[in-house]
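Have a look at the structure below before the remarks.
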There are 2 protein chains.
Amino acid sequence: MRRTSDKHSKIIQAAIKVFARTGFFNARISDIAKEAKVADGTIYLYFNNKYDILLSLFEEEISKIIVQVKQAIEKETDPRKMLETFALHHLKLVEKNEELAEVLQMELRQSNKFMKEYRNTRFVEYVDIISVIVHKGQEMGMFRSDVMPGVVKRAYFGALDEMSRLWILTPNPPYSIEETAKHICEIFLHGICTDEARKGALS
Amino acid sequence: MRRTSDKHSKIIQAAIKVFARTGFFNARISDIAKEAKVADGTIYLYFNNKYDILLSLFEEEISKIIVQVKQAIEKETDPRKMLETFALHHLKLVEKNEELAEVLQMELRQSNKFMKEYRNTRFVEYVDIISVIVHKGQEMGMFRSDVMPGVVKRAYFGALDEMSRLWILTPNPPYSIEETAKHICEIFLHGICTDEARKGALS
DNA sequence: CGATCATGAATGAACGTTCATTTTTTACAG
DNA sequence: CTGTAAAAAATGAACGTTCATTCATGATCG
């Protein structure tokens, strides 16, 4: 195995750039090769095909993210704080690595082919971080026991990911990442109703 | 203009089927032609190119949806009920027209390029239905004035759309559409915290 | 020097789009 | 109502480009 140059990750990093710029289908292998400063053929020494690059990219990068988020969350004891930490981390990715965020968000979902036929366990693992937190909060009597962790995890993830889109798509976003993370977490924790409305007529 | 057969919409409907099945980039014009029972060349009498089909599809179908949702919401007076109605409508699309739901969902994310270029106003109009409701609720003193409608609309939409994915991806979904719509709305209205946690330490 | 790694030109299949030809519709005169 | 000719609509085979992938050759390493 090449060690000194580590072509494998050079290619992955190049692919992130190119996929983010042009999208998976419009990306040429030759573009990735050029970006990675290797020959076209070299890519096929490290990956089976174009799709395999996308797959590996996803596996490797999301694994790193999962580790980081889990570490950050372990530092907290309050499930509410944990949820906020998750939100912050999720949104911060746009700031830290916009190209990766774009690829993870846009390209990986261009077709449900990816989600369907390839049992996407890594992705599930990521979203399950949320449901574990929710469950913990329920055990502590802090979160309502009638909310379904399986729904909350998707809703929370979906809400955050949609916000990510905003930053990816708009040049100068109207909200800061930190305030938005807090805001969304706050909404999920306490809802948008006023206390008066809360007491009043049924939901 | 041909009236009796209306090739335009026949092609659009065929495209929805084919795009849903294979995704935009893997879809062949010849597939759409076959599905619509027209010749390949005929498609180019009605659309400029492949991309134009996607664009038209998007515009036309989302316009119909907007009209329907707005009508349903106008019947309600309570903003909380309006939010629930929106959720129900959004999720119901998977039931009513799964293929369209799939296309709208993945192509929306996929073609962020097209969001950028075309300033996708129809989509914005759809999501703005939510922010209008939130604003109304705030004016009525029913929703907290410190929540930002611009964030809530995205979060709510994102949460719902992520749930849609569940039904599109999983053969036999664990939750019913109606209960999920209610559940998500309920979470956004009141939050997941218990009353005890609410009173306790800060958020 | 044998083995491993890298190269990039050549290959071949795929597919969006065009356009010469055919079919259908329309208009209208007898 | 019928015949007919121009216009409009539809067809699908052919074109030409684009690229993923391969592999014979060359470079580098141990």
Side-chain angles (χ1 to χ4, degrees), chain A residues 1-60 103 106-108 110-111 113-114 117-118, chain B residues 1-60 103 106-107 110-114 117-118:
Chain A
M1 285 278 145
R2 193 72 296 98
R3 276 286 133 259
T4 47
S5 59
D6 194 7
K7 298 258 158 65
H8 179 93
S9 70
K10 259 171 82 175
I11 293 167
I12 293 269
Q13 293 311 311
I16 292 173
K17 273 192 151 50
V18 176
F19 288 162
R21 190 160 56 230
T22 67
F24 174 75
F25 285 101
N26 291 314
R28 274 160 288 184
I29 291 290
S30 59
D31 289 338
I32 299 173
K34 196 193 289 180
E35 182 77 41
K37 290 183 183 121
V38 299
D40 293 17
T42 305
I43 289 180
Y44 289 87
L45 298 175
Y46 293 88
F47 301 92
N48 297 325
N49 50 46
K50 189 179 169 184
Y51 189 59
D52 188 38
I53 302 175
L54 186 64
L55 226 70
S56 308
L57 182 166
F58 177 76
E59 280 280 324
E60 293 173 27
V103 173
M106 310 282 183
E107 304 309 326
L108 285 175
Q110 21 67 348
S111 103
K113 199 171 141 247
F114 181 81
E117 62 190 36
Y118 158 79
Chain B
M1 282 276 146
R2 190 76 292 97
R3 276 285 133 260
T4 48
S5 59
D6 194 7
K7 298 259 158 67
H8 179 92
S9 70
K10 259 172 81 175
I11 294 168
I12 294 271
Q13 293 310 312
I16 291 173
K17 273 191 151 52
V18 176
F19 288 162
R21 191 160 57 231
T22 67
F24 175 75
F25 285 102
N26 289 315
R28 271 162 288 182
I29 291 291
S30 58
D31 290 338
I32 299 173
K34 195 192 290 178
E35 182 75 42
K37 291 184 183 121
V38 298
D40 293 19
T42 305
I43 289 180
Y44 289 88
L45 298 175
Y46 294 88
F47 302 92
N48 297 326
N49 50 47
K50 188 182 173 184
Y51 190 58
D52 188 36
I53 302 174
L54 181 64
L55 225 67
S56 308
L57 184 165
F58 218 101
E59 282 280 318
E60 293 173 26
V103 173
M106 71 190 181
E107 298 305 343
Q110 207 295 312
S111 37
N112 58 331
K113 321 288 181 243
F114 122 78
E117 290 164 21
Y118 286 84

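Residue numbers start from 1 in every chain, and the chains themselves are labelled A, B, ... in the order their sequence lines are given, proteins ahead of strands. Atom set for the values below is all heavy atoms of this structure, side chains included, hydrogens, waters and symmetry mates excluded. Since the model is a prediction, treat every value here as computed from it, not as a measurement.
- Minimum heavy-atom separation, A/Asn49 to A/Tyr44: CA-CE2, 3.9 Å.
- In this structure, A/Asp31 places its CG atom 16 Å from P of C/dG8, rounding to the nearest Å.
- Ring planes of A/Phe24 and A/Tyr51: perpendicular class, angle over 60° (limits at 30 and 60°).
- Look at OH on A/Tyr44: it is 21 Å from C1' on C/dT4, rounded to the nearest Å.
- Residues B/Met106 and B/Gly23 come closest through the heavy atom pair CE-CA, 3.6 Å.
- Proximity of B/Lys7 to the phosphate of D/dA10: a side-chain N or O atom is located under 4.0 Å from OP1 or OP2.
- Here the closest heavy-atom approach between residue A/Ala27 and residue A/Lys50 is recorded as O-NZ, 2.8 Å.
- A/Leu57 and A/Ala15 make their closest contact through CD1-CB, 4.2 Å (heavy atoms, listed as atom of the first residue, atom of the second, distance).
- Put simply, NE2 on B/His8 is 13 Å from P on D/dA10, counting in whole angstrom units.
- Atom CD1 in B/Ile11 sits about 13 Å away from atom P in D/dA9, given to the nearest Å.
- Between the C1' atom of D/dA9 and the CG atom of B/Asp6 lies a distance of 14 Å, rounded to the nearest Å.
- The phosphate of C/dA6 (OP1 or OP2) has a side-chain N or O of A/Tyr46 nearer than 4.0 angstrom.
- For A/Phe47 and D/dA20, the CZ to P distance is 15 Å, given to the nearest whole Å.
- Nucleotide C/dT24 holds its P atom 16 Å from the CG atom of B/Leu45, rounded to whole Å.
- Here C/dT7 presents its C1' atom at 17 Å from NZ of A/Lys37, a figure rounded to the nearest Å.
- What you find for B/Ala36 and B/Ile11 is that their closest heavy atoms are CB-CA, 4.1 Å.
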At a cut-off of 3.5 Å, list every protein nitrogen or oxygen paired with a nitrogen or oxygen from nucleotides 14-19 of chain D, distance to 0.1 Å.
residue	atom	partner	partner atom	Å
D/dC19	OP2	A/Arg28	NH1	3.4

